[in-house]
Structure formats: C-alpha cells, structure tokens
Visitor: 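Right, I'll just put the structure down here and ask away after.
Proteins come first, then strands; the chains are lettered A, B, ... in the order of their sequence lines, and each starts at number 1.
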Protein chains: 2
Amino acid sequence: MPRVSSKIPGVQGCAVERTLSLIEGKWKIVVLYKLLRGTLRFNELRRLMPLVTQRMLTHQLRELEADGLIIRTVYAQVPPRVEYSLSARGRSLEPVLMAMKEWGDTNLSSQEAQAA
Amino acid sequence: MPRVSSKIPGVQGCAVERTLSLIEGKWKIVVLYKLLRGTLRFNELRRLMPLVTQRMLTHQLRELEADGLIIRTVYAQVPPRVEYSLSARGRSLEPVLMAMKEWGDTNLSSQEAQAA
DNA sequence: CATCACGGTATCCTTTTTGACACTATGGGC
DNA sequence: GCCCATAGTGTCAAAAAGGATACCGTGATG
C-alpha cells in the first residue's frame with residue numbers, strides 16, 4: 001500500500017514527513033492528546049494549556065481543523081460556545097500519539113533526558 | 001486509562017511534546033527513516049535527499065547526534081569518511097516512525113490528502 | 001447604562017528555522 | 001604544482017513560527 005507519490009524516487013519518507021507536518025505546530029499534539037479524552041470547549045483547552053496564548057491556540061485549532069483532524073462546532077448562543085472534538089481522522093492518530101508518548105516516557109525520564 | 005504521567009499536573013502532554021521535539025527538524029525523520037535500513041555515509045545521505053542543502057543536513061545530523069539518536073563515526077582517512085548510524089535509542093524510535101508512516105500511507109494517499 | 005463571559009481578531013515584533021552560496025582542509029593521483 | 005573527492009564551515013538573507021498586547025461583538029445581568 002505504499003501508494004504514496006510512487007514516482008519520485010528519493011522521497012519515500014514522504015508519508016512520514018507529511019504525517020509529521022500535520023502535528024508539528026508548537027501545541028498541536030497537546031491539543032490532540034487532550035481531545036483524545038473527549039470534546040472540549042475553547043476556554044477549557046486554554047485552561048488546560050495556560051502557556052499558550054489565545055492567538056496561538058486559535059491558530060493551531062484552525063490548522064488542525066483545516067487538516068481534518070478536529071471538528072469545530074459553534075453553537076449560536078450568546079456567550080459563544082465552541083466545542084472542539086477529534087474527527088475520525090484525528091482519532092486515528094491515536095496510535096501515533098501513543099507511540100510517541102510511550103517513547104517519551106521511556107526515554108526522556110529526566111534521567112537519561114540527554115543523550116544516552 | 002487516563003494514566004498519564006501522574007506527577008506533573010498540567011504537563012502530561014510533555015512526554016509527547018518532548019518526543020516530537022526530537023524529530024521535528026525539517027529532515028530529521030527522513031534521516032532516521034533512512035538509517036533504519038543501515039549505516040550511511042554523509043554523501044550517501046545527501047544523494048538520498050537531494051533537496052537538503054549540505055549545511056542543513058550537517059545541522060540536522062549534529063542535532064540528532066546531540067540527542068543521542070544517531071552515532072557519528074569518523075574514520076581518519078584522507079578523503080574523509082564519516083558514517084552515520086542509529087544508536088539503540090534512535091532505533092527504539094522505530095515504532096513511532098512506523099506508526100507515522102502507516103498513518104500517512106493510509107490517510108494521505110493524495111486522494112483524501114486534504115481534510116476528509 | 002456598565003459589566004461580564006466567551007471566543008475570538010488585528011497588529012506588531014522577536015526568535016527560530018531554513019536556504020543560497022561560497023569557502024576550507026587533506027592527501028593521493030596525474 | 002594542480003585537481004579531485006569527502007565532509008564539512010561561515011556568512012548572510014529570507015521566511016516561517018511564535019509571542020505580546022490590545023481590541024471586538026453579543027446578549028444577559030445588575
């Protein structure tokens with residue numbers, strides 16, 4: 001099924017790279033990771049990630065949405081209510097996120113944090 | 001299954017993030033991916049990735065080395081000979097790389113490349 | 001009428017990343 | 001002596017990413 005771009009010879013890694021490019025943004029994986037547990041409102045996300053500025057969070061969310069990884073639902077209410085949840089596509093990234101988390105837990109345990 | 005890191009409260013995603021930070025560089029995953037198949041010399045890598053400038057490749061390799069993911073072996077020969085290979089730590093990233101590759105192959109097959 | 005909460009925007013600036021391009025050292029071969 | 005290959009460095013500039021800060025619109029509430 002390595003049906004990637006087929007043609008281009010030296011660019012097999014492309015699939016890996018393109019996958020990476022979707023989750024590269026500074027806080028994107030964190031967002032995805034949080035959303036694995038369920039839908040969250042904008043400000044709930046903010047509270048979970050106090051270090052992210054509003055502008056950044058909005059921006060990352062918009063990109064994740066554009067890439068079809070999350071779904072943004074706006075409720076026409078007065079204090080606005082906007083909910084974010086993973087799309088099927090986004091949820092399918094779970095194995096990737098988990099592989100990364102496990103690797104990190106194992107290999108970055110502050111102990112051997114730097115070069116082993 | 002919210003088994004997170006337990007300790008640090010607001011920074012559970014940290015492991016994931018830090019893992020990501022090691023492979024984020026523009027061409028790093030490609031390098032790692034290529035090295036999964038075995039040791040390569042500097043120019044072999046260059047030939048495999050014609051779009052990377054020499055400066056960039058060197059830079060990425062240095063960072064990968066600093067993070068303990070690859071091993072750089074210099075042979076004191078006259079046309080210099082420098083070989084790069086994965087360290088044990090680097091090789092342990094294989095599941096992550098594979099998870100990403102598989103996701104990419106499945107979800108980025110040019111067809112549904114954009115938002116599903 | 002002022003205030004509040006929510007979910008943003010807009011603007012500006014700094015830092016980081018990436019790229020272009022040229023230059024270097026070494027020792028062997030011609 | 002000059003050129004070659006390998007594996008780099010160095011410098012500069014462009015582009016992308018990220019951050020700080022401030023402002024906006026809407027109804028409900030007081």
Visitor: Measure from CG on L57(B) to C1' on dA20(C) and round the result to the nearest Å.
Guide: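 These atoms are roughly 16 Å apart.
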Visitor: Taking only N and O in the side chain of K26(A), is any of them less than 4.0 Å away from OP1 or OP2 of dT16(C)?
Guide: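 For dT16(C), neither OP1 nor OP2 has a side-chain N or O of K26(A) closer than 4.0 Å.
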Visitor: The side chain of N43(B) lies closest to which of these nucleotides: dA7(D), dT26(D), dT18(C)?
Guide: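 The nucleotide sitting nearest to the side chain is dA7(D).
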Visitor: Hey, is the main chain of Y84(B) close enough, under 3.5 Å, to the side chain of R41(B) for a donor-acceptor pair?
Guide: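 Judged by distance alone, no pair lies under 3.5 Å.
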Visitor: Could you tell me the separation between the CZ atom of R81(B) and the P atom of dT26(C), rounded to a whole number of Å?
Guide: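 Rounded to whole Å, this separation is 20 Å.
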Visitor: Would you please confirm or rule out a distance under 4.0 Å between OP1 or OP2 of dT9(C) and any side-chain N or O of R62(A)?
Guide: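 Checking dT9(C) against R62(A), a side-chain N or O does come within under 4.0 Å of OP1 or OP2.
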Visitor: Whole angstrom is fine here: how far is it from CD in Q54(B) over to P in dT18(C)?
Guide: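 Between P of dT18(C) and CD of Q54(B): 17 Å.
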Visitor: Taking only side-chain N and O atoms of R41(B), does any of them lie within less than 4.0 angstrom of OP1 or OP2 on dG8(D)?
Guide: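 Checking R41(B) against dG8(D): no side-chain N or O falls below 4.0 Å of OP1 or OP2.
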Visitor: Which residue, E44(A) or P79(B), contacts DNA chain C at a nucleotide closer to its 5' end, judged by nearest heavy atom?
Guide: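 So the residue in question is E44(A).
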Visitor: Can you check whether V31(A) reaches L57(A) side chain to side chain, under 4.5 Å on heavy atoms?
Guide: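 In contact.
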Visitor: Do you know the tightest heavy-atom contact between E17(A) and I29(B)?
Guide: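 For E17(A) and I29(B), the tightest heavy-atom pair comes out as CA-CD1, 3.5 Å.
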Visitor: Checking only heavy atoms, does the side chain of Q77(B) share a donor-acceptor pair with the base of dG27(C) at less than 3.5 Å?
Guide: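 Counting by modelled atom types and ignoring angles, no donor-acceptor contact under 3.5 Å is found here.
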Visitor: What is the minimum heavy-atom distance between A99(A) and V96(B), and which atoms define it?
Guide: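 Heavy atoms only, the tightest pair is O-CG2, 3.5 Å.
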Visitor: Passes salt bridge (Lys or Arg N to Asp or Glu O under 4.0 Å), R46(B) versus E44(B)? Steps please.
Guide: CA-CA 5 Å; R46(B) 284 197 68 187; E44(B) 288 174 332; over 6 Å; no
Visitor: Kindly say if Y84(B) contacts the phosphate of dT6(D), meaning a side-chain N or O under 4.0 Å from OP1 or OP2.
Guide: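 So the side-chain polar atoms of Y84(B) never come under 4.0 Å of the phosphate oxygens OP1 or OP2 of dT6(D).
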Visitor: Nearest whole Å is fine: how far is dG7(C) C1' from M56(A) CE?
Guide: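 Distance check: M56(A) CE to dG7(C) C1' gives 17 Å.
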Visitor: Send over the distance from L51(A) CG to dA20(D) C1', rounded to a whole Å.
Guide: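 Atom CG in L51(A) sits about 14 Å away from atom C1' in dA20(D).
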Visitor: Select base, sugar-phosphate, or nothing to describe what Y75(A) touches, counting heavy atoms under 4.0 Å on all strands.
Guide: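 Touches nothing.
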Visitor: What are the two closest heavy atoms between L45(A) and K34(A), and how far apart are they?
Guide: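 Where L45(A) meets K34(A) most closely, the heavy atoms are CD2-CB, 4.3 Å.
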Visitor: Is the distance from OP1 or OP2 of dA7(D) to the nearest side-chain N or O of R46(B) less than 4.0 Å?
Guide: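 So the side chain of R46(B) is outside the cut-off, no N or O lying under 4.0 Å from OP1 or OP2 of dA7(D).
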Visitor: Under 4.0 Å from OP1 or OP2 of dC23(D): is there any side-chain N or O of R55(A) that close?
Guide: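 No, because none of the side-chain N or O atoms of R55(A) sits under 4.0 Å from OP1 or OP2 of dC23(D).
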Visitor: For the pair made of CD in E24(A) and C1' in dT18(C), what is the distance, rounded to whole Å?
Guide: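 Taking atom C1' of dT18(C) as the reference, CD of E24(A) is at 12 Å.
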Visitor: Which whole-number value in Å describes the distance from W27(B) CH2 to dT18(C) C1'?
Guide: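 Roughly 10 Å, once rounded to whole Å.
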Visitor: Take atom NE2 of H59(B) and atom P of dC12(D), then tell me their distance rounded to the nearest Å.
Guide: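 Taking NE2 of H59(B) and P of dC12(D), I get 18 Å after rounding.
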Visitor: For the side chain of T53(A), starting at C-beta, report the closest nucleotide among dT9(C), dG19(C), dG19(D).
Guide: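 When the side chain of T53(A) is considered, dG19(D) is the closest of dT9(C), dG19(C), dG19(D).
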Visitor: Between dG27(D), dG7(C), dA7(D), spot the one nearest the side chain of P80(A), thanks.
Guide: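 Closest of the options to the side chain of P80(A): dG7(C).
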Visitor: By nearest atom, which of the nucleotides dG18(D), dA7(D), dT18(C) is closest to the Q60(A) side chain?
Guide: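 Shortest atom-to-atom distance from the side chain points to dG18(D).
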